[in-house]
Amino acid sequence: MYRSREWIFERIRRDHRTDPTLSGRALAQRYKVSRNTVAEALRAPVPKERKKPPPRQSVLEPVKGVIDAMLREDVNAPRKQKHTIDRIMTRLAAEHDFEHASYSTIANWVHQRRPQIVAEALEGRRHLEGTVPQKKLPGEEAEVDFADVWLDLAGQRRKCVLFTLRMSYSGKAVHRVYATASQEAFLEGHAEAFEVLGGVPTRHIRYDNLKPAVKQVCFGRSRKESTGWAAFRSWFGFSAFYCAPGIEGAHEKGGVEHEGGRFRRKHLVPPPVVESLAELNERLAAIDAAEDARHVHGRPTSIGFDFETERQVLGALPADGFDCGLDLAPTVHRNGRITVRQGYYSVPARFIGTQVRVRLKANELLVFDGRKVVARHPRLTRRYTYHDDLDHYLEILLVKPGAFAGASALAQARAEGGFTGVHEAFWSAARAAHGEREGTRTLIEVLLLHRQLPTQAVVAGMETVMRIGSVSAEMVAIEARKTLDDEPDAEPDRADEVLPGRAATTARAGSGPVAVQEAVPPESRAKVISLNARRHLPQDDRPLPSMAKYDRLLKPTIPPKSPEEGTA
């Protein structure tokens, strides 16, 4: 059976850790590889990536299920009336019009599948139902599983997954919630759990046949693992124990099966209301720490007390962490979005038509320009959904302000609370003052201020400017910066400092000359200076002066001809 290089590397390193006296020749003979491969495995836990040939589909793929059905009929058929290879070929041709496979191809598949189907049929008939109590040693074993959980995430009811890693001896458990049961979440949950525990189980961790780890369930307990999972295990240096498929395998890791349900009933009912999964995971970390004082049923000591014994014998963590994210390089479409795992995410408009580097993590997606993060989105879990950021489209909307009202990014900003009622009021006032097109463009100029100033300052600036009857983007910028200057931690502006014993001047709109007043503290000074106030001049009935002399200066003067020029 095919074994990946990641699997071979992990086994070589495990055998070398178990018995350091094994030579490279012995390891090479055991796994039927060259000594160069053994040396490479001992140098690095993850093999170098190499070009893979394109996968070739078997010619039997359309009828494998049909052949398996025939072999299952043979399980209860008379011994001398079972399907032969010739009979299978005849039935495939007559009943399914399939004649594309040779005799040897069908024979190889039947010889592979017949023992497996017989074993599946006999499974469960040779033992009595029941469980056997087990004694666990400190630091040796752990169990891992996913469980479904519902949340009110950012105002929407969402189905997520609860990752649980439970130490078998002490009952110490680490819980984290992720958006989906992807391989990135599976690896990130392990990495964070190992960090919390301060080590790695020395014997193995028990799993059922989770898709992030197992690509194919083979005969018995052998599994074909995914390459990323094999590399992760090789990096941290622990082994995996795969439970039997179905309900029978659930009893082999009953500790984590019970723990996931208990934790969900006790701490996640009613469904938590959170703004982000990061906020929820911070709560879960505090709950995990508090549960160290809990007693597992039947034990006189607490979980924390038993884990202190277990902590001393855990395997050491590697010096460097494992990168659990997935690097991708999608192309930015004309609509300013990238497609990742059949979900759509917006990026800044300046990257349209180019490739960007994307890091797909368990709960979020990051877009990089070099080493700088230019976009950050929560990970989408449903196909063909999108997440847009209004800021990414502002440069386009400055040229096409008519597209602003119907933009999907605007609708999402409203739903998430980023586009507040103050923004709506300012937009309405700007359209009333300057018209639909120019008023929208004024709002977009204000939205661009969010890139340099905090949101609270910009909102406060808009409120102040609207109070004085203005919709100027420049005035919003001035008032927003004044709000920052009024913060207690901000350094005072030199222009606003009033020295003791000196007078300060304040200008009041429509009050005539500037009045000189005594110095007042900053909190008592005027917050707004109106620059566009008008004074009413006295009425003047005198006639307008004549402009004839000035008009004469504007007429061109033709110089007289000299006698030397003559006539034409």
Side-chain angles (χ1 to χ4, degrees), residues 155 332-337 344-353 374-375 386-486 507-511 526-537 539-540 544:
V332 183
H333 305 306
R334 183 174 176 81
N335 59 3
R337 290 174 176 170
Y344 306 106
Y345 305 85
S346 68
V347 298
R350 66 179 182 274
F351 296 106
I352 289 177
V374 295
Y386 62 88
H387 190 271
D388 292 334
D389 189 340
L390 182 59
D391 182 73
H392 296 162
Y393 296 94
L394 295 182
E395 286 82 0
I396 299 177
L397 292 171
L398 275 175
V399 183
K400 301 178 178 180
F404 184 84
S408 60
L410 175 62
Q412 189 145 12
R414 284 171 171 160
E416 296 177 353
F419 196 81
T420 64
V422 178
H423 292 86
E424 298 279 7
F426 186 88
W427 187 19
S428 300
R431 286 182 293 179
H434 303 301
E436 188 74 26
R437 181 180 181 86
E438 293 304 321
T440 302
R441 187 171 290 167
T442 300
L443 173 67
I444 296 171
E445 292 176 355
V446 171
L447 293 178
L448 288 169
L449 295 175
H450 286 283
R451 298 181 179 179
Q452 290 84 26
L453 300 172
T455 301
Q456 297 83 352
V458 177
V459 171
M462 286 190 291
E463 291 176 338
T464 304
V465 170
M466 285 190 294
R467 273 201 309 270
I468 65 172
S470 174
V471 287
S472 169
E474 291 82 2
M475 289 291 294
V476 173
I478 293 172
E479 295 302 324
R481 290 187 174 90
K482 287 174 62 178
T483 301
L484 291 180
D485 293 341
D486 291 340
R508 287 181 282 181
S511 60
K527 298 297 183 183
V528 180
I529 299 176
S530 179
L531 302 179
N532 54 359
R534 299 179 179 178
R535 293 188 301 167
H536 298 285
L537 299 177
Q539 186 175 3
D540 190 358
L544 295 176

Work out which heavy atom in [X] is nearest to a heavy atom in [Y]; give both atom names and the distance.
X      : Y      : answer
Glu438 : His434 : CB-O, 3.6 Å
Ala429 : Val471 : CB-CG1, 3.6 Å
Val374 : Arg350 : CG1-NH2, 3.8 Å
Val347 : His392 : O-CB, 3.3 Å
Val458 : Val476 : O-CG1, 4.1 Å
Ala409 : Tyr393 : CB-CD1, 4.0 Å

I'd like to know whether Leu397 forms a side chain to side chain contact (heavy atoms under 4.5 Å, CB included) with Leu447, so could you lay out the CA-CA distance, the side-chain angles of the two residues, the decisive distance to 0.1 Å, and finally the verdict. CA-CA 11 Å; Leu397 292 171; Leu447 293 178; over 6 Å; no
Decide yes or no on side chain to side chain contact (heavy atoms under 4.5 Å, CB included) for Thr464 and Lys482, but give the supporting numbers first. CA-CA 11 Å; Thr464 304; Lys482 287 174 62 178; over 6 Å; no
What's the spacing between [X] [atom1] and [Y] [atom2] if we round to 0.5 Å?
X      : Y      : atom1 : atom2 : result
Arg437 : Lys400 : CZ    : NZ    : 11.0 Å
Phe404 : Leu410 : CZ    : CG    : 4.5 Å
Leu449 : Ile444 : CG    : CD1   : 12.5 Å

Applying side chain to side chain contact (heavy atoms under 4.5 Å, CB included) to Glu445 and Leu398, what does each step give before you reach the verdict? CA-CA 8 Å; Glu445 292 176 355; Leu398 275 175; 4.3 Å; yes
Quick one, Glu479 with Ser470, criterion side chain to side chain contact (heavy atoms under 4.5 Å, CB included). Give me CA distance, side-chain angles, the key distance, then yes/no. CA-CA 12 Å; Glu479 295 302 324; Ser470 174; over 6 Å; no
Can you name the residues that form a ring pair (Phe, Tyr, Trp, His ring centres under 6.0 Å) with Phe351, not counting sequence neighbours? none
Flag the pair Glu424 / Arg414 as yes when at least one side-chain heavy-atom distance between them is below 4.5 Å, and no otherwise. yes
When you measure from the side chain of [X] to the backbone of [Y], do you find a donor-acceptor pair of N or O atoms at a distance under 3.5 Å?
X      : Y      : value
Arg431 : Glu436 : no
Tyr344 : Asp388 : no
His423 : Thr420 : yes

Checking Arg334 now: which residues fulfil salt bridge (charged side-chain N to carboxylate O under 4.0 Å, His left out) with it, not counting sequence neighbours? none
Please name the residue in the list Asp391, Leu390, Asp389, Asn335 that meets the side-chain contact (heavy atoms from CB on, under 4.5 Å) test with Ser346. Asp389
